Amino acid sequence: MGCGGDDNSGSNSSAKLESCKQVCDKSVNCPISFGADACKQICDLHSQASAACQDALKAVSDCQLKQADICADTGCDSESTAYNTA
């Protein structure tokens, strides 16, 4: 995981992780892909992360979903930085 914490204080984590799982589904054909199932397992690991970490993951996932080319991995630098420091 990019952000840390295991205080399990995230409220409604499944809703926060849904964007991450949508990214998994949309990026399955990208050149660098874990596959949808493995990717979703990584999303699910965040259910044990802090609320701040989950919020940061949701922000980066929401940003990725808005990109014209989800495989390009551009346009979400500030969200990715926030996620990596959460």
Side-chain angles (χ1 to χ4, degrees):
M1 294 187 329
C3 51
D6 60 358
D7 64 5
N8 202 22
S9 65
S11 62
N12 198 8
S13 64
S14 63
K16 291 181 182 180
L17 302 180
E18 190 57 35
S19 294
C20 179
K21 292 180 180 183
Q22 289 175 13
V23 169
C24 294
D25 288 334
K26 290 186 174 240
S27 64
V28 72
N29 293 320
C30 293
I32 299 175
S33 175
F34 297 114
D37 290 339
C39 180
K40 289 177 182 180
Q41 289 176 0
I42 293 169
C43 296
D44 286 337
L45 289 174
H46 287 80
S47 67
Q48 299 298 315
S50 68
C53 178
Q54 291 178 16
D55 289 342
L57 175 66
K58 181 169 176 17
V60 74
S61 297
D62 287 347
C63 179
Q64 290 169 330
L65 289 170
K66 293 177 186 173
Q67 300 304 304
D69 180 2
I70 199 164
C71 297
D73 195 30
T74 59
C76 300
D77 292 339
S78 62
E79 292 86 355
S80 292
T81 298
Y83 168 72
N84 288 326
T85 59

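Quick caveat, the model's predicted, so the values are computed rather than measured.
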Next on the checklist: Applying side chain to side chain contact (heavy atoms under 4.5 Å, CB included) to D55 and K16, what does each step give before you reach the verdict?
Outcome noted: CA-CA 7 Å; D55 289 342; K16 291 181 182 180; 2.9 Å; yes
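- Heavy-atom contacts from other residues, nucleotides or ligands closer than 6.0 Å to CG of D37 number 12 or fewer.
- Distance OG1/T74 to CD/Q64: 10.5 Å, rounded to 0.5 Å.
- Shown here for L17 and D44, the closest heavy-atom pair between the two residues is CD1-CA, 4.3 Å.
- Within the 3.5 Å criterion, the main-chain N or O of S61 finds no donor-acceptor partner in the side chain of E79.
- Considering every non-hydrogen atom in both I70 and S27, the closest pair reads CG2-CA, 4.2 Å.
- Heavy-atom minimum distance, Y83 versus A56: CA-CB, 3.6 Å.
- Judged purely by atom type and a 3.5 angstrom limit, Q67 uses its side chain to pair as donor or acceptor with the backbone of C63.
- When all heavy atoms of D25 and V28 are compared, the pair lying nearest together is O-CG1, 3.5 Å.
- By the 4.5 Å heavy-atom criterion applied to side chains, C24 and C43 are counted as neighbours.
- Under 4.0 Å is where a charged nitrogen must lie from a carboxylate oxygen, and between D62 and K58 at least one such pair does.
- Between C30 and C71, a gap of under 2.5 Å is found separating the two SG atoms.
- Rounded to the nearest 0.5 angstrom, K40 NZ and L45 CG are separated by 14.5 Å.
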Next on the checklist: C53 vs H46, test: side chain to side chain contact (heavy atoms under 4.5 Å, CB included). Steps then yes/no.
Outcome noted: CA-CA 8 Å; C53 178; H46 287 80; 3.8 Å; yes
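- Smallest separation of non-hydrogen atoms from S13 and Q54: CB-OE1, 3.1 Å.
- Annotation for K26: atom NZ does not count as buried by contact number, only 12 or fewer foreign heavy atoms lying within 6.0 Å.
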